[in-house]
Amino acid sequence: MWEDLRSDGHRPERQMRFGQPPRNRAELRRKVLWIGVWLVFLSSPVKDLLSGRHTTAGTVAGWLGLAAFVGVYLSLVFRNMGKPFTGRLVVGLIVVLGALATLLSLTLGGHWLGLYCYVSVACGATLPLSRAYGAIPATTGLMLLVGSQVDREEAESLTLLVLLIGFAMSGVGQLVRTTIELRKARATVAQLAANEERLRLARDLHDLLGHSLSLITLKSELAGRMLPAHPDKAAQQVADIEQVSRQALVDVREAVTGYRRPRLAAELAGVQVALTAAGITAELPAEPDLTGVPEESESVLAWALREAVTNVVRHSGARRCTVELLRRQTLDGPVLELSVEDDGSGGQGSGSGSAPGSGLTGLTERLAKAGGTLEAGGTRHGFRLTARVPIASAASAAATPADVGSPS
């Protein structure tokens, strides 16, 4: 990686993961802040307790009841922290929440009917859709029934809110569950792809080495039998063994090189996933046209793309990343140009005067071997890396100037 290309050190992860507990204290604080915003509906009960309309005993009982209600509600909200709650426990806590809302509303007045908003939210967020679709209207009906005894007008004004906020949380809960399922499915697909790659590698190695090793074994046995009486024939068998083994070694090296060589199309697909997961808007080219592009040139551009995007994700703090792949005609011949540009603040301070790091140096050397060049540096709004490789082979590109300059 190019740790020297960015001046901000590291990029903290700010995205909360749906449906999963916080991973650190920062995520916990953000989650608590988000949940705390919705405690605004408690303002009416709090004002009622501070108004002095109730007796001392009633006020104390109201504070205790409100504290118990908030405690049960927060327990449901943080039910996945540590050991997750069972379904029965969740239903039991919702019943307790509804009972507390009913008791407090009947004893302290219509200012407490807003507590049913929290009951509806709890039903929508914690219950399966089939149960939530029944529990939310039931909560609304219970509020109307209680409101008819304490404050009918307040209950009617809250009816639509209790219904909508409950069903909205049902949608959010379904989104969270879908996100979790997609994450599991993605992990499963990745595992299946890895298993398929292992099987492909096993098949290829068997096809490459099965015949060669069988032939080496057979000729070794023949050489062993011929050695005492026919040393010349045994020597020929040993020579054949050497030739077969050398060819097998060449085949294995070519196969391993093919496995290790990255492909530009595959890297573009991986870039899309990496940038999206990091919360960065990706602007990527369509399926690349690699007609006439040598494998070595494609491979080195794929390495450059991987390094650049890794740097953007880890160190840039960017919100947008643009990847372009263009064919250009230069004085030295046609080239394929890859550019990666982001709008992060990490590019600032990476002046040309700073010494290049090992990642940038290694990539420059890799490009040079393919006859390409690398340019990297800060821009007005972020950071830009440009890698160019010749479309023609390095041998033909080197031969062209000699042909032009040779005497006729």
Side-chain angles (χ1 to χ4, degrees), residues 190-267 270 288-307 332-336 358-359 361-374 387-406:
Q191 182 64 36
L192 291 175
N195 292 338
E196 180 64 25
E197 187 67 16
R198 293 190 189 98
L199 291 175
R200 187 171 73 91
L201 177 60
R203 288 194 299 267
D204 290 352
L205 288 178
H206 177 270
D207 294 340
L208 286 172
L209 298 179
H211 174 72
S212 299
L213 293 178
S214 299
L215 187 58
I216 290 173
T217 301
L218 177 60
K219 286 186 172 292
S220 298
E221 293 176 352
L222 289 175
R225 290 198 295 266
M226 294 177 178
L227 190 57
H230 306 283
D232 295 339
K233 294 182 178 181
Q236 181 61 43
Q237 296 297 331
V238 171
D240 292 343
I241 291 173
E242 180 182 2
Q243 181 180 359
V244 171
S245 62
R246 288 183 182 276
Q247 184 60 44
L249 182 59
V250 171
D251 293 340
V252 170
R253 284 176 176 172
E254 290 180 352
V256 172
T257 302
Y259 286 124
R260 295 179 61 186
R261 179 182 294 121
R263 297 295 181 182
L264 201 53
E267 289 300 324
D289 179 16
L290 301 177
T291 305
V293 179
E295 288 188 359
E296 184 181 6
S297 297
E298 179 191 356
S299 176
V300 75
L301 280 188
W303 279 114
L305 178 61
R306 179 185 299 181
E307 292 281 353
D332 296 328
V335 299
L336 187 62
S358 59
T361 302
L363 189 55
T364 303
E365 294 173 352
R366 191 188 295 270
L367 279 161
K369 291 180 180 179
T373 59
L374 178 71
R388 300 182 184 91
V389 293
I391 294 179
S393 63
S396 60
T400 301
D403 295 339
V404 172
S406 61

| task | Begin from the C-alpha positions of Q191 and N195 and carry the test side chain to side chain donor-acceptor pair (under 3.5 Å) through to its verdict. | result | CA-CA 6 Å; Q191 182 64 36; N195 292 338; 3.3 Å; yes
| task | Verify salt bridge (charged side-chain N to carboxylate O under 4.0 Å, His left out) between E242 and R246, making sure each step is shown before the conclusion. | result | CA-CA 6 Å; E242 180 182 2; R246 288 183 182 276; 3.1 Å; yes
| task | For side-chain contact (heavy atoms from CB on, under 4.5 Å), just list the numbers for V335 and V389, CA-CA rounded to whole Å, side-chain angles, deciding distance to a tenth of an Å, and then say yes or no. | result | CA-CA 5 Å; V335 299; V389 293; over 6 Å; no
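When side chains are defined from C-beta on, L336 does not count as touching S297, because their heavy atoms never get closer than 4.5 Å. Counting heavy atoms from C-beta outward, T373 and L367 have side chains that stay 4.5 Å or more apart.
Scanning all heavy atoms of the two residues, the minimum distance from K369 to E296 falls at O-OE2, 3.5 Å. The heavy-atom pair separating P390 from G372 by the smallest distance is CD-N, 4.0 Å. Between A223 and A234, the shortest heavy-atom contact is O-CB, 3.8 Å.
Interatomic distance, L374 CG to R388 CZ, rounded to the nearest 0.5 Å: 9.5 Å. To the nearest 0.5 Å, atoms CD1 (I216) and CD1 (I241) are separated by 7.0 Å. Rounding to the nearest 0.5 Å places CZ of R225 at 9.5 Å from CD of Q237. Taken to the nearest 0.5 Å, the OG1 atom of T364 stands 11.0 Å off from the CZ atom of R366. How far NZ of K219 is from CG of D240: 4.0 Å, rounded to the nearest 0.5 Å.
Not one N or O on the side chain of S299 forms a donor-acceptor pair closer than 3.5 Å with the backbone of E295. In this structure a side-chain-to-backbone donor-acceptor pair under 3.5 Å is present from E298 to L264.
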